[in-house]
A.B. asks: 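Please see the structure below; I have some questions.
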Amino acid sequence: MPQITLPDGSIRPYDGPVTGTGIAEDISKSLAKKAIAMKVDGEVRDIWDSIEKDAKVEIVTRDSAEGLDLVRHDAAHLLAQAVQELFPGTQVTIGPVIEDGFYYDFARKEPFSTEDFEKIEKKMAELVDADLPTKKEVWDRDEAIAKFESMGEKYKAELIRDLPGSEDIKVYHHGDWFDLCRGPHLPSTKHIGKSFKLMKLAGAYWRGDHRNEQLQRIYGTAWLSDKDLKAHLTRLEEAEKRDHRRLGREMDLFHLQSEAQGSVFWHAKGFTIWRELEAYIRRQLDADGYEEVKTPQLLDSVFWQQSGHWAKFRENMFVVPDEVPNTEDDAPLLSGKADMMALKPMNCPAHVQIFKQGIKSYRDLPIRMAEFGCCHRNEPHGALHGLMRVRQFTQDDAHIFCREDQIVDETIRFLNLFATVYGDVGFTDITYKIATRPEVRAGSDEAWDRAEQMLEEAFKQSGLEYEILPGEGAFYGPKLEFHLTDAIGRTWQCGTFQLDYVLPERLDAAYIGEDGNRHRPVMLHRAVFGSFERFIGLLIEQYAGKMPLWLAPTQMVVATVTTDANDYAEKVAAEFRAAGMRVETDLRNEKINYKVREHSHAKVPLIAVVGGREAEERKLSLRRLGSKDSSVMGVDEALAELKKESLAPDLKR
RNA sequence: GCCGCGGUAGCUCAGUGGUAGAGCGCACCCUUGGUAAGGGUGAGGUCGAGAGUUCAAUUCUCUCUCGCGGCACCA
């Protein structure tokens, strides 16, 4: 006698087991038509499942968040079904729902090509039109394994083998085709609709492990309506326009070229942004009790052996032989016997060397040692991505040497600095994470317990929301991660904060404690921007190139209406430059419309138009980027206002 | 590094087994125009590199390289 509680609080008693369809029909005919699944005590289930006990039930319709997920999940099945019909011999593996869509991983000897997409999409549409009903069966584990193996579906068989014994082996049929699946699913293929599109093709390792065979992954997007699909595709196009690589070229900020792949050629305009940011963060660090240092770029491999990087990080290091190259044309360039040096991939070991000079007392701690250190890492070719992932980058790096009892305070101090800086540059959408102990790690569990607790404590005291990333910490300690999202939804880690008990030990850093004995300091690795490169890349995308005034490479263009005003324009520009602003003039023989258009496209925040009228009255006509209006004002008034406005946020305070 | 896709003028892209085209940009000339494209003329390309097939390759094939999208990696 199940009692079904509906979302409105009403209770419906039933004499026996009842299906979601039955409940929906009892509520209303129109709901029954739209019902595609149900939520039983919060869990999404197949609409045709029987409910035998009292439960809270909510009917799920297509146009709900759950409905959209179901559509996408079914679309993944649909893709698999279409592919298997079109390409016999293809094995299916997994096909989950992801943001905005789904993917399915296939095992097939011959490669798919994006040219196959049209054919597959057509087949998918046919299957939707066929309105194949969904049927669920629970199979015996061994029989299921045998069945899938006999079909040549070894991945499915492996999945079943690895399912916990407590779990049912559920098989969903869509017409004649079936797949092992946790479900739930739509009642039939027609509910999927046709607002889907196959997007891209990629290799992906079975179970995400590069030692396994590589599968072929087809990504798709699916929506409830063609309108939604179109809107999504438009969003992607818009996002492309915000791509920092594109804007970097259009705005003459930087470029990359193959002779220095992964390293950036900063043009004057791009480097202006860098310089402003560097000056800004240096002021913050100075004010926050950091001391700035500069350490060597190239260090002997013996040093990296001591630090542990040679063992753990060597494959990502650029190694340089310490040898005079042979100058004979025919002789080998290098003897192969030279000692090796390496470009630093990190600054931390060098900072320990500075710490170790002289004797440190507990009274000296904490020491906050900062460096705008340029690091090189030999990243895999496939990982390189514009400014976001490069092989040479400069961090706003610092290491805090402190006692264990200072960790919480230092963490809070950092979080405050971090929040100030990100607020100042306009990043608001940040995800905070604590990455905890990985399986392979150094140090005792007690030390890890303490370290993780201290980080959480700091977060709690700072009032920031965070999530835990289990097992994602560094081998030497837990870390805080700060994630930002780029134009197309990829997230990037920028700032970082890592606890390290290991490096001071390895490199024998010590201070004299109150008790007169030697103690190990704890090292906190931390960066606010992370790398200038990535941070600037994200800034460009965040602002779609329309940088805030203090960061804009060119803050103002003084554009003349006629050549008669040229001398005046030069004079005005000079006055603004004298006030510390970055100002250019546009004296070209072009119409003012043309100039305004061009500088607007170049995303210059301010355009000062000057003609005969302005020259006569020592005025300018100011137009702000994104505005159609302009306002005429006196030069002195504009100078006072804009000089203040163009200051970095900290200097305005 | 792995899988798929790509590389033609500064940029965006078209095109072809008989050694190339557009728009924008650039230079020059005319135009002195009041807030998102005034007109004209012109310059500009080893069609990513190498090899192969062919009478002939930018076009077809292979290798390499770089780029793009994923995957793996990101101590």
Side-chain angles (χ1 to χ4, degrees), chain A residues 98 103 105 111-117 199-219 240 243 245-246 249-250 252 255-262 307-309 311-317 345-346 348 377-386 388-391 438 440-442 472-477 479 481 488 490 492-493 496 498 500 502-503 525 530 534 559-566 588-602 607-614 621-632:
Chain A
I98 52 172
Y103 67 77
D105 285 351
F112 288 113
S113 154
T114 42
E115 286 171 17
D116 298 326
F117 281 8
M199 302 297 285
K200 48 200 179 190
L201 187 59
Y205 299 102
W206 169 235
R207 301 202 149 170
D209 189 330
H210 69 279
R211 289 163 301 192
N212 290 341
E213 50 275 65
Q214 192 162 42
L215 307 171
Q216 300 187 64
R217 175 173 298 177
I218 297 177
Y219 284 90
E240 234 171 81
D243 191 310
R245 293 164 298 184
R246 176 187 178 130
R249 185 177 54 239
E250 287 175 0
D252 192 21
H255 84 271
L256 294 148
Q257 66 185 55
S258 57
E259 289 82 355
Q261 55 172 304
S307 71
H309 290 84
K312 289 209 188 296
F313 204 70
R314 190 173 44 198
E315 63 179 5
N316 285 300
M317 288 165 71
M346 305 171 196
C348 33
R377 297 184 190 173
N378 197 343
E379 303 283 2
H381 289 78
L384 301 177
H385 180 87
M388 305 299 197
R389 190 85 181 263
V390 289
R391 291 171 139 183
V440 182
R441 58 180 179 265
E472 294 287 311
F475 78 93
Y476 50 72
K479 59 183 185 183
E481 295 185 359
I488 43 181
R490 287 183 285 218
W492 299 93
Q493 196 180 324
T496 182
Q498 309 181 14
D500 186 355
V502 174
L503 196 63
H525 306 247
R534 182 178 289 181
T560 49
V561 180
T562 66
T563 44
D564 292 342
N566 283 4
R588 291 174 303 170
N589 176 14
E590 295 290 354
K591 291 196 171 180
I592 193 63
N593 281 347
Y594 183 90
K595 294 184 184 180
V596 166
R597 179 171 196 271
E598 191 170 282
H599 299 303
S600 297
H601 276 305
I607 300 174
V609 172
V610 295
R613 296 206 292 267
E614 287 79 7
S621 169
L622 189 70
R623 180 186 168 119
R624 288 171 185 272
L625 183 59
S627 160
K628 283 206 179 347
D629 305 323
S630 54
S631 56
V632 177

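The chains referred to below are lettered A, B, ... by the order of the sequence lines, with proteins before strands, and numbering in each begins at 1.
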A.B. asks: Can you work out whether Q498(A) or R613(A) has the more 5'-proximal nearest nucleotide on RNA chain B?
C.D. replies: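 The residue closer to the strand's 5' end, by nearest nucleotide, is R613(A).
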A.B. asks: Which residue, K312(A) or K628(A), contacts RNA chain B at a nucleotide closer to its 5' end, judged by nearest heavy atom?
C.D. replies: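 Its nearest nucleotide being more 5', the pick is K628(A).
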A.B. asks: With a cut-off of less than 4.0 Å, is there a side-chain N or O of R490(A) near OP1 or OP2 of G69(B)?
C.D. replies: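 Yes, such a contact exists.
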A.B. asks: The side chain of E614(A) is closest to which nucleotide in this list: G4(B), G34(B), C71(B)?
C.D. replies: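 The answer is G34(B).
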A.B. asks: Counting only side-chain heavy atoms from C-beta out, which of A72(B), C68(B), C66(B) sits nearest to H210(A)?
C.D. replies: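 So the nucleotide nearest the side chain must be A72(B).
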A.B. asks: Looking at R207(A) and D209(A), is there a salt bridge between them, counting it only when a charged N and a carboxylate O are closer than 4.0 Å?
C.D. replies: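 Salt bridge: no.
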A.B. asks: What does the list of N/O pairs under 3.5 Å between the protein and nucleotides 39-45 of chain B look like, with a distance for each?
C.D. replies:
none

A.B. asks: Tell me whether D243(A) contacts the main-chain N or O of E240(A) through its side chain, where contact means a donor paired with an acceptor under 3.5 Å.
C.D. replies: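 Looks like no, no N/O pair under 3.5 Å.
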A.B. asks: Can you confirm whether E213(A) sits close enough to Y205(A) that some side-chain heavy atom of one is under 4.5 Å from a side-chain heavy atom of the other?
C.D. replies: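 Sidechains of Y205(A) and E213(A): no contact.
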A.B. asks: Could you check which of A37(B), G69(B), C66(B) has an atom nearest any side-chain atom of H385(A)?
C.D. replies: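 Of the options given, the side chain of H385(A) lies nearest G69(B).
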A.B. asks: Would you sketch RNA chain B in dot-bracket for me? Only Watson-Crick or G-U wobble pairs with both distances under 3.5 Å count, crossing pairs as [ ], other-strand pairs as |, the rest as dots.
C.D. replies: (((((((..((((....[..)))).(((((.......))))).....(((((..]....))))))))))))....
A.B. asks: Does any N or O in the side chain of N378(A) come within less than 3.5 Å of the main-chain N or O of N316(A), such that one atom is a donor and the other an acceptor?
C.D. replies: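 No.
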